[in-house]
J.: 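Take this structure first; my questions come after.
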Amino acid sequence: MAGRRALRERFTAQLRQHLDALYSTALRLTRNPHDAEDLLQDACLRAYRSFGQLEDPARCRGWLLRILTRTFFNAYRQRQRAPEALPYEEEVHQVLGDSPETAVFGRLLDDEISGALEQLPEEFRAAVILADLEGLSYQEIAKALGCPLGTVRSRLSRGRRMLARLLWATARERGYLQERRDDEK
Amino acid sequence: MMKSDAMCRIVEEQISAYIDGELPASEIAEVQHHLESCPACRSLAEQERGARTLLRARRNTLRAPAPEAIWQRVQEGLDQAEAQRRRHRRWFAVAASLALLAIGVGAFYSSVFSRPWEVIAETVDDHIRYALNPGAGLDMSTSDPESLSRWFQGRLDIGVKVPSLERAGLQLRGGRVCYLLDRRIAYLMYEKEGRRYSLFVMDQSGVHFPRGKDLALDGHRIYLSSYKGYNLAVWEAYGLLYSLVADQPPEHLAQIAAAALRS
């Protein structure tokens with residue numbers, strides 16, 4: 001049927017454009033390539049089934065990422081399930097170091113950043129990835145996570161701060177803080 | 001004037017929105033003012049800004065490109081879905097034309113093709129995902145319908161009264177929240193003689209009630225269908241849509257549906 005073929009072509013075109021974003025997010029969420037591929041495949045089929053209902057093609061990216069994220073929380077999370085109460089030990093306004101974040105963080109390698117990102121609890125990780133790597137708006141993130149805007153704010157805040165602490169720890173471990181002091185001598 | 005630590009708690013929840021420019025204009029000045037006077041909150045904001053700036057600066061190298069093979073795999077998946085859809089439609093077309101002959105109502109035709117397919121496909125897929133998984137992925141394990149109903153409160157927009165199906169010999173195992181189309185819905189798992197039954201409960205608004213082969217019971221219609229070798233009974237009661245999935249004969253599912261409607 002012609003209408004059907006046109007729909008498939010439109011979908012394929014959108015998918016080609018956003019495939020890297022989808023795969024990358026899938027990989028960050030599942031933390032392994034095997035699950036990432038399954039998740040991506042699964043999400044694409046779900047998206048295709050309701051693609052006819054998507055009214056504004058300009059919103060396709062957010063919409064695809066939303067389906068991917070929801071599919072993850074729906075189906076894939078159980079494979080690596082964390083306790084329902086999220087571990088969040090309050091850092092209570094602690095000053096982590098005396099050097100500006102940007103200078104120290106700038107020394108970290110991509111793999112070290114990825115490693116820190118993967119340690120975040122998944123609800124926080126999802127919020128941070130969607131905001132800072134994929135550039136979605138709070139509204140789009142709220143839809144993807146199925147939570148109110150206020151929750152997006154707090155998950156992002158806490159997620160980024162947890163990440164900052166992990167990055168500091170990595171920097172200290174790798175001697176990037178030490179090195180800096182040596183430079184200044 | 002609000003006490004400072006109360007203010008800290010408020011600002012703490014607003015820092016991300018402040019940094020991202022997602023804070024309503026009316027709240028910006030207050031956050032700004034507090035950050036100027038409170039070193040502790042300023043330090044939190046700096047940590048957050050540091051992580052944010054780093055991720056955004058490395059965005060391109062942190063994002064992994066999709067492997068070539070995945071594109072092929074997705075396309076094959078779409079081909080299969082399309083083939084399945086055609087088979088399903090053909091089946092519906094036959095059923096619908098028979099119904100047309102019998103009833104002769106034109107309106108019937110449009111409702112048959114108005115995507116009954118999605119609820120059926122999605123609930124069967126989720127049944128496969130949860131019920132056939134030994135760990136089952138339940139968020140709440142319980143055999144008590146009352147406590148599971150309470151558990152769903154606040155987790156869903158709808159009030160779910162978990163039916164007791166003991167009359168039909170089914171033991172409740174537990175439940176979880178899952179997504180269907182664009183909504184959060186309740187997933188309930190029951191068991192009988194080692195076989196698992198999935199019951200999905202969702203807000204009916206905006207979901208097309210599939211019509212076709214159905215039977216009436218106490219003023220409710222129970223619709224029977226099958227997909228990927230699983231049978232389904234779908235019914236509606238008091239604004240909620242129920243979909244029961246299992247690899248059991250349709251008559252048996254209809255009996256369970258009846259038990260649920262009477263519970």
Side-chain angles (χ1 to χ4, degrees), chain A residues 4 8 11-12 15-16 19-24 27 33 37 40-41 44-46 48-50 52 70-71 73-75 77-78 81 84 93-96 100-102 104-106 108 110 113-114 117 128 131-135 137-138 143 146 150 152-154 156-157 160-161 163-165 167, chain B residues 8 12-17 19-20 22 39-41 43-44 46-59 61-67 69-71 73-75 77-78 80-82 85-86 115 117-118 121-122 125-126 129-130 133 135-137 139 176-179 181-182 184:
Chain A
R4 204 64 206 165
R8 170 74 183 267
F11 183 74
T12 305
L15 200 57
R16 198 184 295 277
L19 193 72
D20 282 352
L22 290 170
Y23 177 74
S24 166
L27 191 60
E37 288 199 17
L40 179 60
Q41 165 92 343
C44 286
L45 288 178
R46 280 174 175 237
Y48 183 53
R49 274 189 217 135
S50 39
R70 291 196 159 192
T71 306
F73 282 109
N74 223 357
R77 188 178 48 149
Q78 68 202 26
R81 182 175 275 298
E84 194 162 289
H93 294 183
Q94 177 195 3
V95 180
L96 285 164
E101 274 75 5
T102 38
V104 174
F105 289 174
L108 292 162
D110 284 342
I113 301 171
S114 296
L117 205 47
V128 173
D132 292 330
L133 294 183
E134 300 307 330
S137 70
Y138 281 27
K143 281 190 186 159
V152 173
R153 286 179 178 186
S154 61
L156 254 182
S157 254
R160 283 171 178 160
R161 270 184 273 139
L163 182 65
R165 271 184 295 157
L167 293 171
Chain B
C8 287
E12 204 187 314
E13 297 293 299
Q14 291 175 324
I15 290 178
S16 58
I19 295 177
D20 287 323
E22 293 257 5
C41 284
S43 144
L44 289 184
E46 279 321 305
Q47 289 166 35
E48 193 178 330
R49 208 191 299 271
R52 177 186 186 273
T53 308
L54 179 71
L55 290 182
R56 289 179 182 234
R58 302 276 186 96
R59 192 182 266 179
T61 50
L62 284 175
R63 289 171 59 196
I70 189 81
W71 178 255
R73 201 182 141 192
V74 167
Q75 290 303 322
L78 293 180
Q80 277 170 20
E82 205 44 61
R85 187 179 180 281
R86 274 196 295 274
R115 10 180 34 98
W117 194 65
E118 279 173 348
E122 298 267 337
D125 284 348
D126 281 346
R129 195 168 285 136
Y130 302 137
N133 168 357
D139 283 335
R176 63 171 288 160
V177 173
C178 68
Y179 290 97
L181 309 178
D182 59 347
R184 285 159 82 89

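Because the structure is a prediction, the values reported are computed rather than measured. Naming: A, B, ... by sequence-line order, numbering from 1 per chain.
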J.: Check whether R58(B) gets within reach of chain A through its side chain, its backbone, both or neither, counting any heavy atom under 4.5 Å.
T.: side chain
J.: With a 4.5 angstrom heavy-atom cut-off, which part of L133(A) approaches chain B: side chain, backbone, both or neither?
T.: both
J.: Would you indicate whether the side-chain heavy atoms of R63(B) and Y23(A) approach each other to under 4.5 Å?
T.: no
J.: State the CG-CG distance between D20(B) and D132(A), to the nearest 0.5 angstrom.
T.: 6.5 Å
J.: May I ask you to test the T53(B)-F105(A) pair for a side-chain heavy-atom distance under 4.5 Å?
T.: no
J.: Provide the closest heavy-atom pair for L78(B) versus C44(A) in the form atom of the first, atom of the second, distance.
T.: CD2-O, 4.3 Å
J.: Would you give the length of the straight line joining atom CG of D20(A) to atom CD1 of I70(B), rounded to the nearest 0.5 angstrom?
T.: 11.5 Å
J.: State which residue, out of R8(A), R4(A), R49(A), fulfils the salt bridge (charged side-chain N to carboxylate O under 4.0 Å, His left out) condition with E82(B).
T.: R4(A)
J.: Would you mind checking which part of L15(A) comes under 4.5 Å of any heavy atom in chain B, side chain (CB onward), backbone (N, CA, C, O), both or neither?
T.: both
J.: L54(B) versus chain A, heavy atoms under 4.5 Å apart: side chain, backbone, both or neither?
T.: side chain
J.: Would you mind checking which part of Q75(B) comes under 4.5 Å of any heavy atom in chain A, side chain (CB onward), backbone (N, CA, C, O), both or neither?
T.: both
J.: Going by an N to O cut-off under 4.0 Å, is there a salt bridge joining R161(A) and E46(B)?
T.: no
J.: Let me know if L19(A) has heavy atoms under 4.5 Å from chain B in its side chain, its backbone, both or neither.
T.: both
J.: Can you name the closest pair of heavy atoms from R176(B) and F73(A) and give their distance?
T.: NH2-O, 3.4 Å
J.: Run the salt-bridge test on R59(B) and E134(A) with the 4.0 Å N-O cut-off and return the result as yes or no.
T.: no
J.: Work out which heavy atom in G77(B) is nearest to a heavy atom in L45(A); give both atom names and the distance.
T.: O-CD2, 3.4 Å
J.: Please examine the side chains of Q47(B) and R160(A), heavy atoms only from C-beta on, and report whether any two atoms are closer than 4.5 Å.
T.: no
J.: Look at S114(A), A21(A), G150(A) and state which one has the largest set of heavy-atom pairs under 4.5 Å with chain B.
T.: A21(A)
J.: Please give me the minimum heavy-atom distance between E13(B) and S154(A), naming the atom from each residue.
T.: OE1-CB, 2.7 Å
J.: Do you know which of L62(B), I15(B), V74(B) has the most heavy-atom pairs with chain A at a distance under 4.5 angstrom?
T.: L62(B)
J.: Against chain B, work out which of L27(A), L163(A), L22(A), I113(A) has the most heavy-atom pairs shorter than 4.5 Å and name it.
T.: I113(A)
J.: From W71(B) CH2 over to T12(A) OG1, what is the distance, rounded to the nearest 0.5 angstrom?
T.: 5.5 Å
J.: Rounded at 0.5 Å granularity, tell me how far CD in E48(B) sits from OG in S157(A).
T.: 3.5 Å
J.: Who wins among P33(A), G146(A), G135(A) for the most heavy-atom pairs under 4.5 Å with chain B?
T.: G146(A)
